[in-house]
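A short worksheet on the structure shown next.
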Amino acid sequence: MLKITLKDGQVHEYNAGIKLREIAADINPRLGKEVLVGAIDKELHDLDYQPDGEKNINFFTFEDDEGKRVFRHSSAHVMAQAVKRLFPDTKLAIGPAIEEGYYYDFDPQRPFTAEDLEKIQEEMETIIKEDLPFKRFELSREEALKLFSDLKEPYKVELINDLPLDAVISCYSQGEFTDLCVGPHLPSTGRLKAIKLLSVAGAYWRGDERNKMLQRIYGTSFPKKSELDEYLFRIEEAKRRDHRRLGIDLDLFSIQEEGPGFPFFHPKGMVLRNELEKFWREEHKKRGYQEIRTPVILNRSLWEQSGHWEHYRENMYFTKIDQADYAVKPMNCPGGILVYRSRLHSYRDLPIRLAELGLVHRHELSGVLHGLMRVRCFTQDDAHIFMLPGQVKNEIIGVIDLVDDVYKIFNFPYHVELSTKPENSIGSDEIWDLATTALREALEEKGIGYKVNEGDGAFYGPKIDFHLQDCLGRTWQCGTIQLDFIMPEMFNLAYIGEDGVKHQPVMLHRVVFGSIERFIGILTEHFAGAFPLWLAPVQVRVLPIAQRHFTHAGQVKDILDEKGFRTELDDRNEKVNYKIREAQLQKVPYMLVIGDREANREQVSVRNRQFGDLGGMALDEFVLKLEEEVNSKALTPLPNS
RNA sequence: GCUGGUGUGGCUCAGUGGUAGAGCAGCGCACUCGUAAUGCGCAGGUCGUCGGUUCAAAUCCGACCACCAGCUCCA
């Protein structure tokens, strides 16, 4: 007998030997059709699995992450089978499920072409029609090694050799195809229905650039054709939010062949920058920061002292002045340190928070450049906090709160990572432990969930990273808090303590936006170019209906200009429909239509880019409305009061 | 940097060996118009760069540059 408890607490009894899928069908016929995988006491199992004893059982469909992953993982196996049918000499590496689909890494005789992809997809569809059952079998290490040696799969042999000694080694077969795999899998290939191969790209074996580059094929799959179509449509829609596209359309910035990775900001992009910086200065002033500015080019000796010469040289640009070596700064910290060190400090002065909108240059590999998100020169909204050891936790929490406050203004969802000691670093393990623990404790005190990013810290200290998403869900590190016990040591920083002798301060490096450039990229994609009123490069466009309204419209524009609003007058000889369309496409928040009615009644007719025609109102009233919306940094227009 | 793909007017794209095309944008003229495209006309390109093959190259070949996707790396 078998006694099972479902997640809602229901208890069922079955005869021994019943399979998971039969239980699912017994509970609910629809579940029986949609179920993809089961979990017994939280451990996932194939639907053919026969449980016994007293167990808690969960069933998962495509609606659940667990079900989705199994569905995509099985899809990857079908892709590998198709590739082996068409290109038998191809060696198999690994093929996991990922966020929106799956991939498989192959080592083929020659790289795959777009035509190959189509053929592989067709073959996958054939395999799905064949409805081959996935069969699990376990084998000993020796049997597994023999099997994959005989199959001439060197990567699989390497994987098996690296498995822990006590590992249960399992394989899954469908038809003629067998792959090393822990599973679980769908009952059969016929469950897949809608699949699509999306792209080929190179990927290093085991993610290490010293290894051979393999060919990775990305794909996705769904239980219904309509869901696949919807996904593909959503991707196309998302691409319309791409900041590189909107940067051109809205004339915000450009990147030219003459300066790859060095963006040009156009007048409208500069409005965004300046508004962001204004906001930034206000927020930092409130929180006790003082602003400084340090030089872009500084002498080699400084970079040797800071450790950049040894640990960061790959990313730096160099120049000579009067035969002496200089470097273009890749970070602002050494400059900030020199400002701190330029005079003696008392313990009473700490913490000292020195903020700097600092332009840094870094040599990034050509292949990683990406619009404003990844560039070779950018402005960090940096600050260096010099503090007493006892002030560390409070200062970290202060920055965490600041980042949260700022991201909330834009309604950005974000996630947090804790990056630990990298290979290429300076300082003892003890110091690193101390710093890492301090960051971790601050996060835990704030109750913030975080992911650990091993070995991704800066060379001088561990960091908390704040990651934001772009239009396609890729994440970019923006805010970061780095705790540093090492630079104060290397620069021999000091403050005079209560006891009258010198002590070493602790340093915190931090950014909130991260870089203004990247932040503008994220901002643009988040709002699809329709920036909130306080940021919008053009806030109001005045649209006279006919030439005889130009004078009056010009007066309206002048009044708005005087009140401090960014206003444009569209005095082209075009129909008002045309002007409205253009203003809409430029995502101008407010349009004022000026015709005979308005001129006679001293009114303006207001159209909002989101809500359309708002009707007529006195200009004074409109100005009040704008002021309120700007001052509150509202994300959408405020309701009429 | 690596793998694959792409590069034609400001933007989107046709054109695959025989004299460079369209739409939008721009400019001119007419229309003077009420909440997402008025009509007509004009102008605009050494086809990414350099080299090669050919009687002839946007088209074929090579190198380089830039961009796109991904890998590795980062704000």
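Side-chain atoms are counted along with the backbone in the values below, which use heavy atoms only and exclude waters and symmetry mates. Below, chains carry the letters A, B, ... as their sequence lines are ordered, and counting in each starts from 1.
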Please classify the nucleic acid contact of Val576(A) as base, sugar-phosphate, or nothing, using heavy-atom distances under 4.0 Å.
sugar-phosphate
Do Tyr312(A) and Asn424(A) pair up side chain to side chain, a donor and an acceptor below 3.5 Å, judged on atom types alone?
no
Answer with base, sugar-phosphate or nothing: what part of the nucleic acid does Arg216(A) contact at a heavy-atom distance below 4.0 Å?
sugar-phosphate
Of all the nucleotides listed (U12(B), G26(B), G34(B)), which has the minimum atom distance to the side chain of Arg245(A)?
U12(B)
Would you state whether a donor and an acceptor, one from the side chain of Arg206(A) and one from the base of C71(B), lie under 3.5 Å apart?
no
Tyr218(A) side chain: which of C71(B), C33(B), C74(B) is closest?
C71(B)
If you compare every side-chain N and O of Tyr103(A) against the phosphate oxygens of A69(B) (OP1, OP2), does one of them come in below 4.0 Å?
no
Is there a donor and acceptor pair closer than 3.5 Å between the side chain of Tyr204(A) and the base of G70(B)?
no
What is the nucleic acid contact for Gly479(A), judged by heavy atoms within less than 4.0 Å: base, sugar-phosphate only, or nothing?
nothing
Can you figure out which of A37(B), G34(B), A69(B) approaches the side chain of Asn577(A) most closely?
A37(B)
Kindly point out which of A36(B), G34(B), U35(B) is positioned nearest to the side chain of Asp596(A)?
G34(B)
Quick one: is Thr480(A) getting a side-chain N or O under 4.0 Å of the A75(B) phosphate, OP1 or OP2?
no
Any donor-acceptor N/O pair under 3.5 Å between C2(B) base and Arg210(A) side chain:
no
U8(B) to A14(B) separation - C1' atoms, rounded to the nearest Å
10 Å
Side-chain-base donor-acceptor pair under 3.5 Å for Gln215(A) and G70(B):
no
Under 4.0 Å between a side-chain N or O of Gln477(A) and OP1 or OP2 of A75(B)?
yes
Look at the side chain of Ser605(A) against the base of G34(B) and say whether a donor-acceptor pair falls under 3.5 Å; ignore hydrogens and angles.
yes
Among G1(B), U35(B), A37(B), which is the nearest nucleotide to the side chain of Arg581(A)?
A37(B)
If we check side-chain contact (heavy atoms from CB on, under 4.5 Å) with Glu277(A), which of these qualifies: Leu272(A), Ile516(A), Asp381(A)?
Ile516(A)
Looking for any heavy atom pair under 4.0 Å, which part of the strands does Gly595(A) touch: base, sugar-phosphate only, or nothing?
base
Can Thr220(A) and Glu100(A) be counted as having a side-chain donor-acceptor contact under 3.5 angstrom?
no
Sugar-phosphate, base or nothing in reach of Arg362(A), heavy atoms under 4.0 Å
base
To the side chain of Arg607(A), which of U35(B), C67(B), A75(B) is closest?
U35(B)
If I pick the C1' atom on G10(B) and the same atom on C64(B), what distance separates them, to the nearest angstrom?
26 Å
Looking at A66(B), C11(B), A69(B), which one has an atom nearest to any side-chain atom of Ile248(A)?
C11(B)
Separation of C68(B) atom C1' from Arg244(A) atom CZ, nearest Å, is 7 Å
For Glu417(A) and C73(B), what is the distance between atoms CD and P respectively, to the nearest whole Å?
13 Å
From the set A37(B), C74(B), C68(B), return the single nucleotide nearest to any side-chain atom of Tyr578(A).
A37(B)
May I ask you to say what Val593(A) touches in the nucleic acid, namely base, sugar-phosphate or nothing, with a heavy-atom cut-off under 4.0 Å?
base
Using a heavy-atom cut-off of under 4.0 Å over every strand shown, decide if His370(A) touches base, sugar-phosphate, or nothing.
sugar-phosphate
From C33(B), C74(B), C67(B), nucleotide with atom closest to Pro260(A) side chain
C67(B)
Given 3.5 Å as the limit, does a donor-acceptor pair link the side chain of Glu356(A) with the main chain of Ile292(A), or not?
no
Nucleotide U3(B), atom P - distance to CG of Asp208(A) in whole Å:
16 Å
In whole angstrom, give the distance that lies between atom CZ of Arg374(A) and atom P of G70(B).
13 Å
Output the rounded distance in Å from CE (Met213(A)) to C1' (G70(B)).
8 Å
State, with a plain yes or no, whether a side-chain heavy atom of Asp107(A) is found less than 4.5 Å away from one of Tyr155(A).
yes
Of all the choices, A75(B), A69(B), G1(B), which nucleotide is nearest to the side chain of Phe378(A) once you look at every atom?
A75(B)
